[in-house]
Structures are given as C-alpha cells and as structure tokens.
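One structure, as structure tokens, below. Some questions next.
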There are 2 protein chains.
Amino acid sequence: MDQLPSMRLTTQRQIILEELAKVTSHPTANEVYDMVRKRLPRIGLGTVYRNLELMADSGVILKLEVGGTQKRFDATVYPHYHIRCSQCGKVDDINIPVQPNINDAAAVASSYEVIGHHIEFTGVCSDCQLHLKDPSLN
Amino acid sequence: MDQLPSMRLTTQRQIILEELAKVTSHPTANEVYDMVRKRLPRIGLGTVYRNLELMADSGVILKLEVGGTQKRFDATVYPHYHIRCSQCGKVDDINIPVQPNINDAAAVASSYEVIGHHIEFTGVCSDCQLHLKDPSLN
DNA sequence: TGGCAAATGATAAATCTTATTAGTTGGCAT
DNA sequence: ATGCCAACTAATAAGATTTATCATTTGCCA
C-alpha cells in the first residue's frame with residue numbers, strides 16, 4: 001500500500017483551517033490570507049496557497065472552482081451546491097437536495113468515468129438587488 | 001429604450017467566431033488565438049480576449065467559467081451541461097436533459113434572484129482512463 | 001467619399017498562482 | 001529530554017492568465 005506523506009500539524013495549518021471554518025462565505029486564497037494575518041502577521045501568501053491546496057487534496061476542505069477568476073475554499077466538505085452573485089461575485093451555499101442519480105445519467109451519456117458533479121446557480125444577491133433598484137446606494 | 005452600442009463586423013471578429021464554431025472542444029482564449037493566427041497571423045492576443053468577451057456578453061457565444069485556471073469558450077449557445085476530465089482538463093458536452101425546475105428550487109432556498117444554473121460533471125475521459133491503466137503510454 | 005466612433009495591434013501592467021531556496025520546526029527515535 | 005531530519009515556512013522570483021493603454025487603422029453611415 002502507498003503510504004500517504006505525513007502531514008504535520010503546524011501552527012499555520014491549524015490557524016488557516018480554523019479561520020476558514022469560522023466563515024460561511026467561500027473566501028479566496030487572498031481573503032483567507034487577510035483573515036489569518038490578523039493572528040499570524042508574518043505568514044506568507046505562498047504558505048496559505050500551499051496549505052489550502054494540500055488540505056483540499058486530502059479532503060479536509062473543498063476547493064471550489066466556480067465562476068469568476070479566483071478559486072474559492074470551503075470548510076464544509078458535506079456535498080452541497082452553490083450560488084454566485086453575477087454582480088458582486090459572492091458565493092453562498094444553496095440548500096437543495098443533492099441529485100445523486102444524475103451522475104448515472106451522465107455516465108450513460110458519455111465515455112467518461114464519472115466521479116461527481118457540481119451545480120452552480122447564478123443570480124443576484126439581495127444586497128445587489130437593492131443596489132440595482134436604487135443606484136444611489138452604490 | 002437603451003440602444004446597444006453598435007458592433008462592427010470586423011474580419012477578426014468573424015474569423016474568431018468561425019474558428020470557434022468549427023470545434024466541439026471548448027477552447028481557452030489562448031487556444032482560440034492559436035487557431036485564428038493560422039488565418040490572421042498578425043492578430044493580437046488582446047483582440048481575441050476582447051472579442052470573446054464581447055461576444056459572450058452579447059450572447060453570441062458562451063463563456064464557460066468551469067474548473068481549472070482558464071476560462072473556456074463555446075459557440076454552442078443552446079443550454080447544455082459539461083464534463084471536465086480531472087486528469088487532462090479537457091471539457092466535453094454532456095447530453096442529458098436540462099433540469100428546468102431546479103432553478104425554482106434554488107429560488108425558494110435562497111434570497112437570490114435566480115438567473116440560471118450550470119452543472120459541471122467531473123470524471124476521467126477515455127484517453128486518460130487508458131493512460132491510468134497503462135502508464136507507459138504517458 | 002469623408003468623417004468618426006469603434007476596433008486593432010503592440011505593449012505594458014495587473015492579477016492570480018506556483019516555484020525556488022535558505023533557514024526553521026514538529027515529531028519521532030533514541 | 002535531546003538530537004535528527006524530513007516537512008515546512010517566509011521571502012522572493014517567476015510563470016500564467018487576463019486586462020488596460022494608446023497611437024493607428026478600419027467599418028460604416030451620411
């Protein structure tokens with residue numbers, strides 16, 4: 001059997017995970033960096049990227065490759081879907097039942113070995129709905 | 001009524017669209033650039049980016065913000081889903097029926113004004129399945 | 001055909017992510 | 001407890017992707 005490389009419990013890694021778990025938003029690497037820097041001012045951005053990537057690979061967190069230019073991260077590993085605001089780019093969880101059977105449909109419809117799926121809704125968040133109705137708020 | 005800004009039919013724009021329509025893959029901006037350069041060697045990469053963005057905004061083509069680091073483009077505007085190979089990053093269409101009612105479910109489950117959704121499957125394409133079974137092919 | 005807004009090509013700059021490297025540290029074996 | 005060493009970090013550079021700038025060119029309407 002392959003042995004997974006050991007993953008040490010460094011201060012940086014713990015705090016990155018703690019800060020990510022604190023929020024229900026889906027922060028980008030840079031946003032996590034800002035959050036963590038309040039507790040570890042000398043941490044490097046590369047460390048944040050490296051650890052988010054490592055934790056995503058090991059399944060401790062989720063890496064969301066959603067619309068927009070940046071990757072986002074989520075401490076909620078439980079399967080769920082997301083909705084992204086087309087105006088401000090914010091990403092929220094959306095609590096509708098996971099569709100387990102569409103993976104099978106996809107397997108039938110393609111030559112791929114299907115691993116999973118993700119649904120990303122697009123919409124306008126309540127904040128941006130207000131701002132669109134009353135542009136003076138901007 | 002708002003008047004849409006006029007969009008001229010330039011040679012570059014036509015050829016970008018023609019080349020994109022030729023393929024069923026979902027090329028990145030750089031891949032489109034390579035395709036177009038065979039016919040217009042002096043075209044600039046910025047022109048390709050600008051036109052893909054403009055055509056996506058006007059609905060002539062689709063901009064896919066799927067997993068991976070780069071945006072991809074698709075001349076098929078008809079609603080459909082995609083599957084992405086986790087090994088090589090390739091994106092293919094997947095022909096399963098569009099789920100029209102889940103937008104409503106999402107609207108109920110959130111405070112967003114829901115515009116639409118996209119399903120992205122993840123899997124291993126047939127080429128990469130072979131390469132995983134027989135690594136000497138790599 | 002002339003005028004002009006829109007578009008182009010060339011280039012620079014911005015943004016996001018990954019790689020490199022010398023020094024540091026967590027955790028295991030003594 | 002202490003020393004060792006692979007894993008890790010911070011700092012920095014580099015790479016990759018995308019957007020902005022601007023002088024020049026071009027499509028299109030009058």
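Below, chains carry the letters A, B, ... as their sequence lines are ordered, and counting in each starts from 1.
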In whole angstrom, what separates A:L40's CG from D:dC8's P?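 That distance rounds to 16 Å.
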
Got a list of side-chain donor-acceptor pairs under 3.5 Å for residues 81-88 of chain A, not counting sequence neighbours?
residue, atom, partner, partner atom, Å
A:Y81, OH, A:Q99, N, 3.0
A:Y81, OH, A:H117, NE2, 2.6
A:H82, ND1, A:H118, NE2, 2.9
A:H82, NE2, A:H26, NE2, 3.3
A:H82, NE2, A:D74, OD2, 3.3
A:H82, NE2, A:H80, NE2, 3.0
A:H82, NE2, A:D93, OD1, 3.3
A:R84, NE, A:E120, OE2, 2.8
A:R84, NH2, B:E65, OE1, 3.3
A:S86, OG, A:G123, O, 3.4

State whether the side chain of A:E31 and the backbone N or O of A:T28 hold a donor-acceptor pair below 3.5 Å, judged by distance alone.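 Present.
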
Any B:R42 side-chain nitrogen or oxygen under 4.0 Å from OP1 or OP2 of C:dT8: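 False: B:R42 side-chain N/O out of range (4.0 Å or more) of C:dT8 OP1/OP2.
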
Rounded to the Å, how far apart are B:R72 CZ and D:dT18 C1'?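 In whole Å, D:dT18 C1' and B:R72 CZ are 16 Å from each other.
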
Specify the angle, to 10°, made by the local axes at the two ends of the helix from C:dT1-D:dA30 to C:dT30-D:dA1 when five pairs are taken at each end.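 Answer for the end axes of this duplex: 30°.
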
State, to 0.1 Å, how close B:I96 and A:A105 come at their nearest heavy-atom pair, and which atoms those are.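 Minimum heavy-atom separation between B:I96 and A:A105: CG2-O, 3.7 Å.
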
Rounded to the nearest Å, what distance is computed from the CG atom of residue B:D57 to the P atom of nucleotide D:dT19?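 Atom CG in B:D57 sits about 10 Å away from atom P in D:dT19.
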
Would you confirm whether B:Q12, through its side chain, and B:V36, through its main-chain N or O, come within 3.5 Å as a donor-acceptor pair?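 Checked: no pair found.
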
Intermediate values then yes/no, side chain to side chain contact (heavy atoms under 4.5 Å, CB included), B:I16 and B:I43: CA-CA 10 Å; B:I16 288 171; B:I43 197 172; 4.2 Å; yes

Any residue meeting side-chain hydrogen bond (donor to acceptor under 3.5 Å, both in side chains) with A:R72, in chain and number order, not counting sequence neighbours: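 Once residues adjacent in sequence are excluded, A:R72 has no partner under the side-chain hydrogen bond (donor to acceptor under 3.5 Å, both in side chains) criterion.
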
I'd like to check the side-chain hydrogen bond (donor to acceptor under 3.5 Å, both in side chains) partners of B:K22; sequence neighbours left out, ordered by chain and number.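 B:E19.
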
Nearest heavy-atom neighbours spanning B:V60 and B:V77: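 So the minimum-distance heavy-atom pair works out to O-CG2, 3.2 Å.
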
Identify the two heavy atoms, one from B:M55 and one from B:L17, that lie closest to each other, and give their separation to 0.1 Å.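 What the structure gives for the nearest pair is SD-CB, 4.1 Å.
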
In B/S/- notation (B base, S sugar-phosphate only, - none; protein heavy atoms under 4.0 Å), nucleotides 23-30 of chain C written 5' to 3' is --BBS---

How many whole angstroms separate atom OH of B:Y33 from atom P of D:dT18?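 Interatomic distance, OH of B:Y33 to P of D:dT18: 14 Å.
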
Grab the CD1-C1' distance between B:I43 and D:dT25 for me, whole Å please.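 In whole Å, D:dT25 C1' and B:I43 CD1 are 14 Å from each other.
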
Do you know which two heavy atoms are closest between A:S58 and A:M7, and how far apart they sit?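 Closest approach of A:S58 to A:M7: OG-CE, 4.1 Å.
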
For B:I15 and C:dG9, give me the distance from atom CD1 to atom P, rounded to whole Å.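 To the nearest whole Å, that distance equals 10 Å.
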
What is the separation between atom CG on B:N51 and atom P on C:dA7, rounded to the nearest whole Å?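 Nearest whole value for this atom pair: 8 Å.
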
Can you find a side chain N or O atom of A:Q12 that sits less than 4.0 Å from OP1 or OP2 on D:dA10?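 True: A:Q12 side-chain N/O within range (under 4.0 Å) of D:dA10 OP1/OP2.
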
Would you give a per-nucleotide map of nucleotides 14-21 of chain C, 5' to 3', where B means the base has a protein non-hydrogen atom under 4.0 Å away, S means only the sugar-phosphate does, and - means neither? --SBB---

Counting only side-chain nitrogens and oxygens, does A:T47 get under 4.0 Å of the OP1 or OP2 atom of D:dA10?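 For D:dA10, OP1/OP2 do have a side-chain N/O of A:T47 under 4.0 Å.
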
What are the two closest non-hydrogen atoms of B:A29 and B:V48, and how far apart are they?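 Closest heavy-atom pair between B:A29 and B:V48: O-CG1, 3.7 Å.
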
